[in-house]
Engineer: 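This structure is in structure tokens; I'll ask about it shortly.
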Amino acid sequence: MNLEDYHGVWVFIEEQEGTIAPVSIELLGAGRRLADKRGVELAGVIIGNQVKPLAATVFEYGADVVYVYDQTIFKDYRTESYMKALLHCCETYKPEIILFGATSTGKDLASAVATDLPTGLTADTTELDVEEDTGLLLASRPAFGGNIMATILCKKYRPQMATVRPKVMKALDAEPGRTGKLIEEKIDIKEEDIRTKVLEIVKATTKKVRIDEADIIVAGGKGLGSEEGFQLVHRLAETLGGAVGASRDVVEAGWIEHHHQVGQTGVTVTPKIYFAIGISGAIQHLVGMKNSSMIIAINKDPDAPIFEACHYGIVGDAFEIIPLLIEQFSHALEKEEVNHVGEV
Ligand SMILES: Cc1cc2nc3c(=O)[nH]c(=O)nc-3n(C[C@H](O)[C@H](O)[C@H](O)COP(=O)(O)OP(=O)(O)OC[C@H]3O[C@@H](n4cnc5c(N)ncnc54)[C@H](O)[C@@H]3O)c2cc1C
């Protein structure tokens with residue numbers, strides 16, 4: 001393999017029903033930084049049906065080039081068909097780096113493509129950089145339960161591939177009217193060649209708000225004392241139409257499942273409002289929520305580190321304060337004093 005033949009940073013643009021996944025926009029921001037540091041072009045790869053118009057958005061968020069595979073066969077995401085398109089694109093244009101969102105689609109596609117090429121893939125990265133003298137991608141991720149940050153390099157194979165956690169990288173502001181080079185590609189692929197058939201797509205109907213998409217998160221910590229005490233956090237979240245978050249100690253105590261855990265070994269979130277209730281504010285928790293637009297801390301210890309990370313702090317007992325907040329918020333919402341909670 002001649003490494004010199006490979007150029008450019010690519011972002012796989014994940015799309016559903018004509019909408020680009022937010023993580024792909026974030027990755028265009030991260031990809032732009034890497035491409036500028038390497039002095040190369042940033043490209044977006046779009047695969048789907050009737051997706052060509054999305055290229056305009058991809059340019060506005062920083063891409064110089066967009067490769068589009070717009071064919072009816074790509075209507076629904078299927079590993080085999082998307083993999084074939086991406087492999088075709090890699091063989092034709094030879095990228096140096098490809099980034100994917102660490103979503104179920106991104107993880108599935110990246111692992112299939114990396115195995116077929118074959119090349120190296122770092123999963124679920126939270127930091128990306130390129131090494132000054134070698135230009136190698138430095139893909140870092142928490143490993144061994146978050147006890148170490150591992151920086152992984154792929155020295156001998158190309159492209160260097162990584163999936164990246166949603167909400168960690170910063171998107172650029174859209175530059176309306178910014179444009180670039182659109183390259184339309186096609187591959188010859190028949191329905192009979194694809195083993196996977198999509199019979200139906202069932203959308204989740206749960207009323208519960210997902211933590212990684214929520215505008216409001218009410219997170220509770222060990223200070224709630226017990227699983228029963230933690231129910232207060234659920235009640236406040238329900239009142240506000242928000243999602244429930246938790247510290248690792250709460251998850252380890254078995255009061256809630258791991259996918260609610262915020263922090264280094266949990267989910268990274270950036271809601272409009274983050275309530276941290278009975279959470280001390282350990283660094284491993286803070287890294288997962290510190291970029292929230294507004295952080296409101298409730299803790300009975302005035303010296304708790306969380307007070308250094310919050311915008312508003314209430315020193316007091318959660319068992320007294322949460323019921324008051326529930327009462328006041330329900331009141332206000334009923335009276336429609338606050339008719340859109342997301343803009344409190
Ligand atoms: C490798 C590694 C990875 C980790 N990853 C994560 C992670 O992803 N996420 C994470 O959260 N942690 C993580 N941790 C754990 C982290 O270091 C802390 O131990 C954890 O965040 C503490 O959880 P807590 O704030 O709920 O509990 P505590 O630290 O016990 O804090 C409880 C707080 O509640 C307050 N309190 C008590 N009673 C009340 C009351 N009645 N009303 C109001 N306040 C009250 C106390 O003053 C205290 O500040 C990790 C640790 C390691 C070593």
Side-chain angles (χ1 to χ4, degrees), residues 102 123-127 140-152 163-169 210-214 216-237 239-240 242-271 273-292 295-329:
D124 220 14
T125 51
T126 55
E127 282 174 37
S140 306
R141 55 158 298 161
F144 296 108
N147 287 313
I148 58 163
M149 274 301 275
T151 299
I152 297 164
T163 63
V164 184
R165 264 202 212 183
K167 304 252 185 187
V168 175
M169 300 296 158
R210 282 178 46 163
I211 186 165
D212 54 346
E213 292 173 351
I216 299 179
I217 295 174
V218 182
K222 215 49 200 299
L224 274 306
S226 65
E227 196 171 352
E228 292 71 51
F230 196 76
Q231 292 307 314
L232 275 178
V233 171
H234 285 281
R235 281 185 44 214
L236 179 57
T239 310
L240 295 170
V244 175
S247 69
R248 186 166 90 167
D249 286 24
V250 163
V251 172
E252 280 181 352
W255 303 349
I256 199 162
E257 301 97 322
H258 179 259
H259 62 263
H260 291 269
Q261 182 183 317
V262 174
Q264 186 181 320
T265 42
V267 187
T268 306
V269 296
T270 50
I273 308 178
Y274 188 88
F275 287 89
I277 309 178
I279 291 178
S280 57
I283 183 68
Q284 296 88 355
H285 187 83
L286 296 180
V287 292
M289 43 63 83
K290 64 178 186 332
N291 292 330
S292 306
I295 299 169
I296 303 172
I298 303 169
N299 197 304
K300 68 178 186 191
D301 172 9
D303 297 324
I306 192 72
F307 286 126
E308 280 169 33
C310 71
H311 302 93
Y312 297 97
I314 304 173
V315 179
D317 188 336
F319 295 98
E320 285 170 25
I321 293 163
I322 303 181
L324 290 175
L325 290 178
I326 292 174
E327 195 188 310
Q328 292 296 320
F329 279 127

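What's counted below: heavy atoms across the whole structure, side chains too, no hydrogens, waters or symmetry copies. We number each residue from 1, following the sequence as shown. Indexing begins at 1, ligand by ligand and atom by atom, following the structure's order.
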Engineer: Using a 4.0 Å cut-off to any heavy atom of A282, which atoms of ligand 1 qualify?
Structural biologist: 16 (C), 17 (O), 18 (C), 21 (O)

Engineer: Nearest heavy atom to atom 44 (N) of ligand 1: which of E320, K300, Q261 does it belong to?
Structural biologist: K300

Engineer: At a 4.0 Å threshold, what atoms of ligand 1 neighbour a non-hydrogen atom of G316?
Structural biologist: 42 (N), 43 (C)

Engineer: Using heavy-atom distances, let me know which of S280, G221, G288 sits nearest atom 25 (O) of ligand 1.
Structural biologist: S280

Engineer: How would you list, by chain and number, every residue that makes a salt bridge (charged side-chain N to carboxylate O under 4.0 Å, His left out) with E308, sequence neighbours excluded?
Structural biologist: none

Engineer: Would you indicate whether the side-chain heavy atoms of I256 and H234 approach each other to under 4.5 Å?
Structural biologist: yes

Engineer: Please verify whether a non-hydrogen atom of G225 lies at under 4.0 Å from ligand 1.
Structural biologist: no

Engineer: Could you check V218, I217, I296 and say which one makes a side chain to side chain contact (heavy atoms under 4.5 Å, CB included) with Y274?
Structural biologist: I217

Engineer: Let me know which of V233, V250, I211 forms a side chain to side chain contact (heavy atoms under 4.5 Å, CB included) with V244.
Structural biologist: V233

Engineer: For residues I277 and L236, determine if any side-chain heavy atom of one lies less than 4.5 Å from a side-chain heavy atom of the other.
Structural biologist: yes

Engineer: Using a 4.0 Å heavy-atom threshold (strictly under), name the region of V262 that reaches ligand 1: side chain, backbone, both or neither.
Structural biologist: backbone

Engineer: Show me which atoms of ligand 1 lie under 4.0 Å from any heavy atom of K222.
Structural biologist: 24 (P), 26 (O), 27 (O), 30 (O)

Engineer: To which of Q284, E252, H285, R248 does the heavy atom nearest atom 17 (O) of ligand 1 belong?
Structural biologist: Q284

Engineer: Could I get the full list of side chain to side chain donor-acceptor pair (under 3.5 Å) partners for R141, not counting sequence neighbours?
Structural biologist: none

Engineer: Report, as yes or no, whether the 6.0 Å neighbourhood of atom CZ on F319 holds more than 12 heavy atoms from other residues, nucleotides or ligands.
Structural biologist: yes

Engineer: Which of the numbered atoms in ligand 1 are under 4.0 angstrom from any heavy atom belonging to Q264?
Structural biologist: 7 (C), 8 (O)

Engineer: Please list, in number order, the atoms of ligand 1 under 4.0 Å from a heavy atom of G266.
Structural biologist: 8 (O)

Engineer: Quick one: are P142 and Q284 in side-chain contact, heavy atoms under 4.5 Å?
Structural biologist: no

Engineer: For atom 46 (C) of ligand 1, which of D317, N299, I321 has the closest heavy atom?
Structural biologist: N299

Engineer: May I ask you to decide if G266's main-chain N or O and H258's side chain share a donor-acceptor pair within less than 3.5 Å?
Structural biologist: no

Engineer: I need the atoms of ligand 1 closer than 4.0 Å to a non-hydrogen atom of T265, numbered in the order shown.
Structural biologist: 3 (C), 4 (C), 5 (N), 6 (C), 7 (C), 8 (O)

Engineer: Taking the inter-plane angle between the rings of F275 and F329 on a 0 to 90° scale, is it parallel (under 30°), tilted (30 to 60°) or perpendicular (over 60°)?
Structural biologist: perpendicular

Engineer: Need the ligand 1 atom indices (1-based, order shown) with element for anything under 4.0 Å from a heavy-atom of S247.
Structural biologist: 11 (O), 23 (O), 24 (P), 26 (O)

Engineer: Can you tell which of G220, G278, A246 gets a heavy atom nearest to atom 32 (C) of ligand 1?
Structural biologist: G278

Engineer: Below 3.5 angstrom, do we get any N/O pair linking A318 and ligand 1?
Structural biologist: yes

Engineer: For ligand 1, which atoms have a heavy atom of F319 less than 4.0 angstrom away?
Structural biologist: 41 (N)

